[in-house]
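Since the structure comes first, as structure tokens, the remarks are kept for the end.
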There are 2 protein chains.
Amino acid sequence: MNRTFDSGFASRHSLTRQRILDAAESLFAEKGFETTSLRMITAEAGVNLAAVNYHFRTKDALIDAVIARRIQPINQERLAMLAEAAGKAAGKPPELEDIVRAMIAPVLRFRQRDPELGRRVGLLFARSYADPNEMVRPVFLNHMQQIFRPFTEALRRALPSLPPAELLWRMHFGVGVMAHTLAGCDHLKVISGGLCDLSDVEAVIERMVNFICAGMRAPLVAQSSRYLENL
Amino acid sequence: MNRTFDSGFASRHSLTRQRILDAAESLFAEKGFETTSLRMITAEAGVNLAAVNYHFRTKDALIDAVIARRIQPINQERLAMLAEAAGKAAGKPPELEDIVRAMIAPVLRFRQRDPELGRRVGLLFARSYADPNEMVRPVFLNHMQQIFRPFTEALRRALPSLPPAELLWRMHFGVGVMAHTLAGCDHLKVISGGLCDLSDVEAVIERMVNFICAGMRAPLVAQSSRYLENL
DNA sequence: GTCTATATGGGGATAGAC
DNA sequence: GTCTATCCCCATATAGAC
């Protein structure tokens, strides 16, 4: 597994390696990890079947490399935007909208440079979260763990009156909005008759920020006794 | 494929058939459709491998039957709750909270009678939406299509000032909250240190209703020219 | 209706020549 | 680094005895 990240200069910059990563990313996004065979990947990449084994050793290590290549820069940008929001607030709690936007915008703005690539990456992440493969979800969640604490802490400061459990629930709901939008954008376009799509990226980001922040700020409700105990 | 629904009395009530459905449901929910082999299913069910072929003909038809068995009664209950909300409003637009609750509560209340079964069904639906199998998602979305129009119409009446495209986006976000909660409840319990779980079903329903309704009612924002054109 | 045995195909991984 | 050829395993589906 170390080979995935520690491979030497020659192989890391090998053209064959890049072609495999690109083909795998596209097929994984479109058809899922399990359904995509190494034979499909090498055919799409125009390389030999054995090249996968040479460059990545196993299919799992290839999956790992495909996910890491995209999520690492996106998470770095999320943290940079979060730091910017904290700087802008100058000691006060950061603006809620800025925090939520820092989480959402980097993954969606991929589409501005290359809409097709952005769509693929969105689907890739959605699949990484949902895939039944025993390795995929932990790998993905491990990357997410790196940004979980700073975002939780910023939200706690922005919403100080929210009980800790309630904050975590609402964060979970907010992630659901993002994940479902990345996973289901094509379907929404179909059922809306083309009315809703992701072509205007900034508008969609603001829609999501608006929806999520309203949910995060909702007044508490208390309808169950056990509900109160959990707060 | 017709056999799935039209099979005769004897086979529809066969014990073997039930055992296969139960085992398949459990394994599909836990490991996904592609990963689960017919051998795993028949081993778990304590029946012979060939019995699957006899009762369902193909694996795809079995998947179809597993999904349909659970989603049909849940969607019937959703429509019943929606009708009740409309009746309660007596000609006026139904209460937004009642509409959202009608969508969410039936799938979560499965857990009250049998928490394990409820968890399985939630995971099953989440997987049905996300699975790369070419047949699974259309089968699932086809069931959802049956309730899409009445819910859209009720929401339009409850939120008359919302432009049609904005309403569809917000419905999509709301479904994301529900889907992600069903798919990720185990993970949320882990990262929250056990603070958040689905054991108090009614409280979780009210949390979700509260979050989603706040998002649905959020004032419009307009930050992009193309955003305005779409409304 | 239920079993055993098997047909048929595809999967990941590898050995060893170049 | 890249190729051909192949090993070995497991999948779905089916034929045919009981």
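Labels below follow one simple rule: chain letters A, B, ... track the order of the sequence lines, proteins then strands, and each chain is numbered from 1. Values in this document were obtained by computation on a predicted structure and should not be read as measured data.
The residue A:Ala51 sits apart from the nucleic acid: no heavy atom pair falls under 4.0 Å.
Over its full length, the helix from C:dG1-D:dC18 to C:dC18-D:dG1 turns its helical axis through 0°, comparing axes from the five pairs at each end and rounding to 10°.
Identified under the side-chain hydrogen bond (donor to acceptor under 3.5 Å, both in side chains) test for residues 107-116 of chain B, with sequence neighbours left out: B:Arg109-B:Glu202, B:Gln112-B:Glu202.
A donor-acceptor pair under 3.5 Å links the side-chain atoms of B:Arg127 to the main chain of A:Ala130, judged by distance alone. The backbone N or O of B:Gly32 lies less than 3.5 Å from no partner atom in the side chain of B:Thr35, so there is not a single donor-acceptor pair.
One finds a salt bridge joining B:Asp22 and B:Arg69 here, because a Lys/Arg side-chain nitrogen approaches an Asp/Glu carboxylate oxygen to under 4.0 Å. The existence of a salt bridge linking B:Glu166 and B:Arg170 is confirmed by a sub-4.0 Å separation between a basic side-chain nitrogen and an acidic carboxylate oxygen.
A close approach under 4.0 Å does not occur between any side-chain nitrogen or oxygen of A:Ser14 and OP1 or OP2 of D:dG1. For the pair A:Thr16 and D:dT2, the criterion of a side-chain N or O lying under 4.0 Å from OP1 or OP2 is met. Phosphate proximity of C:dG11 to A:Ser37: present, with a side-chain N or O under 4.0 Å from OP1 or OP2. Dashed line: the shortest gap from a side-chain N or O of A:Tyr54 to OP1 or OP2 of D:dT2 is not under 4.0 Å.
For C:dG12, its base sits under 3.5 Å from the side chain of A:Arg39 at one donor and acceptor pair at least.
Atom pair B:Leu49:CG and C:dC3:P shows a separation of 11 Å (rounding to whole Å applied). Put simply, CG on A:Asn48 is 13 Å from C1' on C:dA15, counting in whole angstrom units. When rounded to the nearest whole Å, the span between NZ of B:Lys59 and P of D:dT14 equals 15 Å. Between B:Phe56 atom CZ and C:dG1 atom C1' there is a gap of 14 Å when expressed in whole angstrom units. What separates CD1 of B:Ile63 from P of D:dA11 is a distance of 14 Å, to the nearest Å.
Residues passing the side chain to side chain donor-acceptor pair (under 3.5 Å) test with A:Arg119 are A:Glu30, A:Asp186, sequence neighbours excluded.
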